[in-house]
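None of the values given here were measured: they were computed from a predicted structure.
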Amino acid sequence: MKRCFLLIPGLWVGALGCVMGGDLALSAGAPVTAAVRGTITDCGQPVSGAAVVLQIQQDEPGQARPVDARIGPVTTSAQGKYIVEVGPAFAVPGPASVQLHVTAGGIAQDVPGGTLNLTLGLPARDTVRIDADLGLERGGCR
């Protein structure tokens, strides 16, 4: 069952929100956000200029449709640091799976991530740290 309602915060401005089966299908107004930050190294040395892409997936009950998004790339700083702000369309508050895809020096690597807790509002309240040593990931450090 789908019910729609009109919220009128002023006399001439309105926002439409829809409820499907009693569950909120989409956030009406506030975005769902989070952030992922970390450092990319190669055998302990910072990797400057690496391209970091965040893969985020979420499939929660009551969600309008699952999230399967790639965000980025963002480029690492001279110290190998990066930050990716996350606000995927159709996301709902709750857990989402994340992993990194890093390209440095012409070599691309997938880096396991973890779980990110998406929350309503800005700025993002939850930040997950994912540090990756590309040399260790490929077994090339001594």
Side-chain angles (χ1 to χ4, degrees), residues 1-10 13-142:
M1 177 170 83
K2 182 175 179 179
R3 295 186 300 259
C4 293
F5 54 93
L6 183 63
L7 300 173
I8 304 175
V13 178
L16 180 66
C18 294
V19 177
M20 299 181 73
D23 294 329
L24 189 61
L26 295 172
S27 65
V32 179
T33 62
V36 176
R37 69 176 63 227
T39 304
I40 305 297
T41 56
D42 191 350
C43 296
Q45 298 301 310
V47 177
S48 173
V52 178
V53 175
L54 180 72
Q55 175 75 33
I56 182 166
Q57 296 177 316
Q58 185 189 51
D59 189 7
E60 293 292 312
Q63 198 165 353
R65 71 177 185 200
V67 172
D68 187 5
R70 294 173 63 90
I71 302 168
V74 298
T75 305
T76 57
S77 69
Q79 297 80 31
K81 298 186 181 302
Y82 71 91
I83 184 166
V84 181
E85 294 180 2
V86 179
F90 298 102
V92 296
S97 298
V98 293
Q99 74 172 20
L100 298 180
H101 181 77
V102 181
T103 304
I107 300 171
Q109 288 182 247
D110 289 322
V111 178
T115 301
L116 178 63
N117 189 36
L118 298 170
T119 57
L120 285 175
L122 289 172
R125 290 184 288 176
D126 188 30
T127 301
V128 168
R129 183 172 186 89
I130 303 175
D131 294 326
D133 192 309
L134 303 178
L136 289 176
E137 292 286 330
R138 66 178 179 269
C141 298
R142 295 180 183 209

message: Under a 3.5 Å distance rule, please check whether Thr115 uses its side chain to pair with a backbone N or O of Pro95 as donor and acceptor.
response: no
Please tabulate, one pair per line, all N/O donor-acceptor pairs under 3.5 Å involving side-chain atoms of residues 77-92, not counting sequence neighbours.
| residue | atom | partner | partner atom | Å |
| --- | --- | --- | --- | --- |
| Ser77 | OG | Gln79 | N | 3.2 |
| Ser77 | OG | Gln79 | OE1 | 3.2 |
| Ser77 | OG | Lys81 | N | 3.2 |
| Lys81 | NZ | Thr39 | OG1 | 3.4 |
| Tyr82 | OH | Ile130 | O | 2.6 |

Which atom of Ala104 lies closest to which atom of Val47, heavy atoms considered: CB-CG1, 3.8 Å
query: Do Thr41 and Asp131 touch side chain to side chain, with heavy atoms closer than 4.5 Å?
result: no
field: Pro73 side chain reached by Thr103 side chain, heavy atoms, under 4.5 Å
entry: no
query: Can you check whether Gly44's main-chain N or O pairs, donor with acceptor, with Asp133's side chain at less than 3.5 Å?
result: yes
- request: To the nearest 0.5 angstrom, please state how far the CZ atom of Arg65 sits from the CD atom of Gln58.
  value: 13.0 Å
Derivation and outcome, side chain to side chain contact (heavy atoms under 4.5 Å, CB included), residues Leu54 and Leu100: CA-CA 5 Å; Leu54 180 72; Leu100 298 180; 3.8 Å; yes
statement: Asp110 meets the side chain to side chain donor-acceptor pair (under 3.5 Å) criterion, sequence neighbours left out, with His101
Closest contact, heavy atoms only, Leu118 versus Ala34: CD2-CB, 3.7 Å
- prompt: Donor-acceptor pair, Asp42 side chain versus Gly135 backbone, under 3.5 Å?
  reply: yes
task: Apply the side-chain contact (heavy atoms from CB on, under 4.5 Å) test between Val74 and each candidate in Val52, Val53, Val36; give the one that qualifies.
output: Val52
